[in-house]
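In what follows, a structure is listed as structure tokens, so that the remarks can point back to it.
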Amino acid sequence: MQKIQFTETVLRDANQSLIATRMPMSEMKPILATMDKAGYYSVECWGGATFDSCLRYLSEDPWERLRTIRKQMPNTKLQMLLRGQNLLGYKHYPDDVVIKFVERSIANGIDIIRIFDALNDMRNLKLAIETTVKNGALASGAISYTTSPVHTLENYVQLCREMTEMGCGTICIKDMAGVITPQESYALVSAIKDALPDMPVVLHTHCTTGMAFMSVLKAVEAGCDVIDTASSCFSGGTSQPATETLYDALTQLGYEVPLDRTVLKTVNDHFKPYRAECLASGLLKPKAMATDTDALTYKVPGGMLSNLMAQLETMNALDRLDEVLEEVPAVRKDMGYPPLVTPMSQIVGVQAVNNVLAGERYKNVSKEATAYLRGEYGRAPGEVNAELQKKVLGDEQPLTCRYADTLEPQFEKTKAELGETARSDEDVLSYIAFPQVAEKFFAERKEKEERKVKFSIEAI
Ligand code: CO
């Protein structure tokens, strides 16, 4: 009997996709010990936008959150999402920072690190993967899924081979836009399994376009080992397909699913009142829960489409949307077919808008697009339009090395600069990741403690 394992995403991706990562620790903590008994393959609970959100909006120390989850869930593998050399942000960090960040994540409780790069440039993943393995955790190599003339099954399989050689223990198909179709997921999982029969394959997708349940089922039929799902009241829409639904469907079809269905219900019952609260407060928007097939029509992810519309609206040019949507594939081609995931979705989108509104292609080229053409984000999946590159860079040669190789070490220097403000290496990393936000958090933390001391003295 084929065994299908589940990664529960309610604490991270479902939380991030539906309610802008605003779920505080107080909503999670009471249910963690129960979740520990569900039998999940892993619980995705950290990384992605959770780190920034903890510091920026929730006045929580992300590291403290991780330690609490670890304590409450001693029997479950804890998983985080890491953007390779970009860690949790959008810029490249020097190698010493990447090594330290991975080390401290594992030391504080992470078992599995899912590592990806927006461009699938393997040079941006290698160090994070190797450091993860060296520190005894499991590296899950993720391919950012997209379709284009250069994103062939052979190319994806080649990426999987490279990640396997780097030491990855599993391979994840990361379909961040929810655009993978049943036929595509079946073909891709089959191709990976043919090439690497012993490598466990994970499918991560979103319900955005309505394809997810079908694509997951076809992936399972092709031999997929692990699927990402969300507790049902935090599933659907821009989130993952529902855990309980897939449990019921797959067990009935004869697959072995090592989950406790009663526990799954208890977990979902716990989150239901919080979901209702989010809906009432407007944090959970009807748009996030809807099925939106525009991504299939326009071949741009839903998030990118709403960004384009918002951008055109502020410029009083919403009537140019159709022209912009026609321009997007042209810009993407000129840039060598980057997957339309952050930050590439923004870079391509802004450029398409500029091209249409200026009435001339590449008259205005953004700072970010210039950096991309210079090679600062990594290697483009396909050929970049040489004429465009020449026009933007002039005589300057694009980078051929890994961008991080041009960066100076930063950890020890920052640690010395922060002095007593940083109480741990974790604090230093928080600061390096999000300087202003962390600074504000440190000040608030100190103030809170001083208030506490003042109260206890007054009590004496
Ligand atoms: Co996702």
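For ligands, and for the atoms within them, numbers begin at 1 and follow the listed sequence.
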Do any N or O atoms from the side chain of E376 and from the backbone of K91 form a donor-acceptor pair under 3.5 angstrom? no
Could you name each residue pair satisfying salt bridge (Lys or Arg N to Asp or Glu O under 4.0 Å) that touches residues 18-46, not counting sequence neighbours? R12-E44
Specify whether F101 and W46 have parallel, tilted or perpendicular ring planes, treating 30° as the upper limit for parallel and 60° as the lower limit for perpendicular. parallel
Without hydrogens or angle criteria, can the side chains of S185 and S215 be said to hold a donor-acceptor pair below 3.5 Å? no
Starting at CG of L203, measure out to CG of D175 and round the result to the nearest 0.5 Å. 7.0 Å
Among N124, D95, D117, which one satisfies side-chain hydrogen bond (donor to acceptor under 3.5 Å, both in side chains) with Q85? D95
Report the protein N/O/S neighbours of the Co ion (ligand 1) that fall below 2.8 Å; do not count waters. D13 OD2, H204 NE2, H206 NE2
